[in-house]
Amino acid sequence: MKFSIVIHGAPWSANASLSALRFTEAALDCGHEIVRLFFYQDGASNGSSLCVPPQDEIDIPGLWQALIKKHEIDAVVCAASALKRGIIDKAEADRYEKNVESLLAGFSVSGLGQLIDACGQSDRVVSFVM
Amino acid sequence: MPSSPQTHTAHSYLIIARSSPYGSHQARAALDLALTAAAFEQKVSIVFMDAGVMQLLKGQQTDAGEMKNIGKIITALKLYEVNRVMVHQESVDKHDLDPAGFVEAVEVVTSDDIKRLIAGADQVMVF
């Protein structure tokens, strides 16, 4: 089955992100296909390269990055959500004259249209909100 | 890289707006998604229920520049071809509201209607 996953929660504020990560891993383990991960609203913070969790705590953005790389998953951070939370790629950093880029490699920034597109391509779209 | 949105067969979306208008970003997020899906020529319905019914109240006063007026966005839904704008009867009653005090006339639906809407929609998104 083709799944898309929508992540609404910030990495350490809500359980949404970790639950979504475990669900995605389980779906892949069962042989399902992930069409797209869509990081929406506070979920955009999962794409930050600037998170430094304590050593004895789980590195949620790092785990997402590893999973995305391993399975070559299309991972999109909602542009409107990301920009205002300081998640910016090189192009946006240049455009807005910021001295740092903060998007993890493997993620891309794009519009809400990518969520609609994912819905069109997927058998199931599963949202992790809380 | 993600593909650009392509034309797929139009899916039906049911967006359930359950959050009060200004307590969180959820109300805006639901409306943004409704408008985006409609812009991509999808079949979109939205139902306001629970605390979400308060998004419909007339006379919302927002300081321009501080936050967008949710009531005004709702009046634009039909213009952007969101097919059905509905409110949950029981939630209206529970909050002791009168649909005459809403920003515009909306279709009033029951819990049973919502069950059928959920069963019939390709995508259900709850905010």
Side-chain angles (χ1 to χ4, degrees), chain A residues 2-10 13-14 16 34-45 47 68 72-85 89-91 103 105-130, chain B residues 1-20 22-46 49-52 65-68 70 73 77 80-83 118-127:
Chain A
K2 292 181 173 183
F3 282 96
S4 283
I5 312 295
V6 188
I7 301 98
H8 290 249
S13 310
I34 302 296
V35 173
R36 183 166 298 145
L37 303 171
F38 192 83
F39 295 88
Y40 192 29
Q41 303 189 82
D42 283 346
S45 299
I68 289 161
E72 297 180 333
I73 307 170
D74 183 7
V76 174
V77 179
C78 171
S81 305
L83 284 172
K84 60 187 168 193
R85 289 176 177 81
D89 60 11
K90 177 77 168 67
L103 184 72
F107 290 73
S108 59
V109 175
S110 192
L112 200 47
Q114 293 295 335
L115 174 56
I116 308 302
D117 178 68
C119 291
Q121 292 187 50
S122 308
D123 299 309
R124 292 285 185 277
V125 179
V126 185
S127 299
F128 290 84
V129 180
M130 305 288 273
Chain B
M1 285 298 289
S3 55
S4 57
Q6 298 153 8
T7 313
H8 299 284
T9 316
H11 279 220
S12 59
Y13 288 70
L14 177 67
I15 294 166
I16 303 181
R18 300 183 59 192
S19 306
S20 61
Y22 303 105
S24 70
H25 193 73
Q26 288 295 89
R28 259 300 295 285
L31 295 170
D32 284 351
L33 186 67
L35 292 168
T36 305
F40 284 98
E41 300 182 340
Q42 307 296 306
K43 195 166 169 269
V44 185
S45 300
I46 184 165
M49 68 183 294
D50 297 331
E66 205 167 280
M67 56 182 64
K68 296 256 170 71
I70 295 292
I73 301 174
L77 290 172
Y80 288 92
E81 300 191 345
V82 171
N83 299 61
I118 291 171
D122 294 317
Q123 305 294 345
V124 179
M125 301 207 174
V126 184
F127 291 86

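Sequence lines set the chain letters: A, B, ... in the order given, protein chains first and strands last, and positions in each chain run from 1.
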Which bit of D122(B) is near chain A, if near means a heavy-atom gap under 4.5 Å: side chain, backbone, both or neither?
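No part of it gets close to chain A.
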Heavy-atom contact with chain A under 4.5 Å, split by part of V126(B)
backbone
Which atoms of V125(A) are under 4.5 Å from chain B, going by heavy atoms: the side chain, the backbone, both sets, or neither?
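For V125(A), heavy atoms of backbone and side chain both lie under 4.5 Å from chain B.
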Please round to the nearest 0.5 Å and tell me the distance separating atom CD of Q123(B) and atom OG of S127(A).
8.5 Å
As an exercise, state the distance from CZ of F40(B) to CG of D117(A), rounded to the nearest 0.5 Å.
8.5 Å
So D42(A) and H25(B), do their side chains get closer than 4.5 Å, heavy atoms only?
no
What's the shortest heavy-atom distance between [X] and [Y], and which atoms?
| X | Y | value |
| --- | --- | --- |
| C119(A) | H11(B) | O-CE1, 3.4 Å |
| Y40(A) | D32(B) | OH-CB, 4.1 Å |
| G113(A) | T36(B) | N-CG2, 4.0 Å |

Neighbour count >12 (heavy atoms, 6.0 Å) for atom CZ, R18(B):
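For R18(B), atom CZ is not crowded (no more than 12 foreign heavy atoms under 6.0 Å).
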Any chance NZ of K84(A) has more than 12 other-residue heavy atoms, nucleotides or ligands included, within less than 6.0 Å?
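More than 12 heavy atoms, drawn from other residues, nucleotides or ligands, come within 6.0 Å of this atom.
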